[in-house]
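Below is one structure, written out as structure tokens, with a few remarks after it.
A note on names: the letters A, B, ... follow the listed sequences, proteins ahead of strands, and every chain is numbered from 1. Hydrogens, waters and symmetry mates play no part in the numbers below; they use all other heavy atoms, side chains included.
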Amino acid sequence: MEIPRAWRPLRRAFFEAPAESVAPLLLGKVLAHQTADGLLAGRIVEAEAYLGPHNDPPDPAAHSYRGPTPRNAVIFGPAGHAYVYAIYGRYFCMNVSCEVEGRAGCVLLRALEPVAGSERMAANRGLGPGAKERDLTSGPSRLCQALGLTRAIHNGLDLLEPDSPLQLFDDGHAVGEVLVTPRIGIHDAIDWPLRFAVPGHECVSGPKKLRDPQSAGGSSSIFLLKPSG
DNA sequence: GCAGTGATTTGCT
DNA sequence: GCAAATCACTGCG
């Protein structure tokens with residue numbers, strides 16, 4: 001499968017904004033990896049914002065918290081680039097840089113709904129062709145494994161450059177209400193409502209109360225955001 | 001279904 | 001030297 005003509009590239013200005021504004025808008029957009037063997041693509045159904053040190057208060061869970069280093073340089077660079085880092089020795093996670101060059105901020109892609117190449121995603125994940133979509137791309141490192149994303153090859157790529165093997169598109173799919181919750185897997189700023197997901201979607205990661213608003217109980221840091229506009 | 005735990009690289013202090 | 005934006009496997013209820 002090739003990139004359909006109807007898929008429109010996102011604009012740089014879309015990402016030149018605070019990560020907490022960009023993250024919910026990324027839901028429904030398509031991440032596409034063009035490989036020699038064909039297209040691997042998935043719709044973003046879960047994302048987390050990480051804020052730069054300019055934010056008040058600064059975000060202690062962000063890799064940019066202590067200022068620029070060689071590792072996090074991409075987050076301080078221009079918007080719309082891929083920040084891929086290794087974690088726990090065996091996995092990768094992928095972010096999209098936000099804000100203008102010189103200011104940090106990024107969005108961690110946490111889950112996708114497979115759109116193209118799901119059989120190869122299953123193979124990349126070490127699963128059979130009948131694997132459930134949830135087992136392919138539900139989790140930040142699972143989606144990197146499914147799409148074959150690594151730090152060595154993909155860190156720093158411009159996601160808005162037409163020749164890039166890794167790009168982001170708007171295919172016209174509309175997302176309704178957005179589930180907002182605290183972020184997952186961090187130990188600082190655990191109450192900040194910076195995780196955004198499609199409510200009840202099968203491919204969203206995490207425990208049920210962080211996937212389905214009906215299961216969230218009365219927690220004040222878990223709520224539904226109405227569609228804007 | 002849930003909690004506990006091991007694997008194992010990287011970058012920063 | 002250590003902590004990390006994780007995952008999969010195990011054992012148990």
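Contact between the side-chain N/O atoms of Arg195(A) and the OP1/OP2 oxygens of dA5(C) is not found at any separation under 4.0 Å.
Scanning both residues, Val204(A) and Glu46(A), for their nearest heavy atoms gives CG1-OE1, 3.4 Å.
What separates CG of Asn124(A) from P of dC7(C) is a distance of 16 Å, to the nearest Å. Rounded to whole Å, atom C1' of dA8(C) lies 14 Å from atom CZ of Arg134(A). Distance OH (Tyr85(A)) to P (dT6(C)): 6 Å, rounded to an integer number of Å. Arg183(A) places its CZ atom 16 Å from the C1' atom of dT6(C), with the value rounded to the nearest Å.
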Fill in the dot-bracket string of DNA chain C, one character per base: . for unpaired, | for a pair to another strand, ( ) or [ ] for pairs within the strand, taking Watson-Crick or G-U pairs under 3.5 Å.
||||.|||||||.
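When each of Ser205(A), Ser138(A), Ser141(A) is checked for a side chain to side chain donor-acceptor pair (under 3.5 Å) with Arg110(A), only Ser205(A) meets the rule.
Remark: the His63(A) side chain and the dA5(C) base include a donor-acceptor N/O pair separated by less than 3.5 Å.
Criterion: ILVMFWY side-chain heavy atoms under 4.5 Å apart, direct or through other members. Under it, Phe196(A) and Leu143(A) are part of a common hydrophobic cluster.
Within the 4.0 angstrom heavy-atom criterion, base atoms lie near Cys106(A).
In this pair, His63(A) and Tyr83(A) present their aromatic rings perpendicular. The plane angle is above 60°, beyond the 30 to 60° band.
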Within the sub-3.5 Å range, which N or O atoms of nucleotides 9-13 of chain B have a protein N or O partner, and how far apart are they?
from: dT9(B); atom 1: O4'; to: Gly89(A); atom 2: O; distance (Å): 3.0
from: dG11(B); atom 1: OP1; to: Arg151(A); atom 2: NH2; distance (Å): 2.9
from: dC12(B); atom 1: OP1; to: Thr69(A); atom 2: OG1; distance (Å): 2.1
from: dC12(B); atom 1: OP1; to: Arg71(A); atom 2: N; distance (Å): 3.4

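The side chain of Tyr50(A) approaches dA5(C) more closely than any other nucleotide in the set dA8(C), dA5(C), dC7(C).
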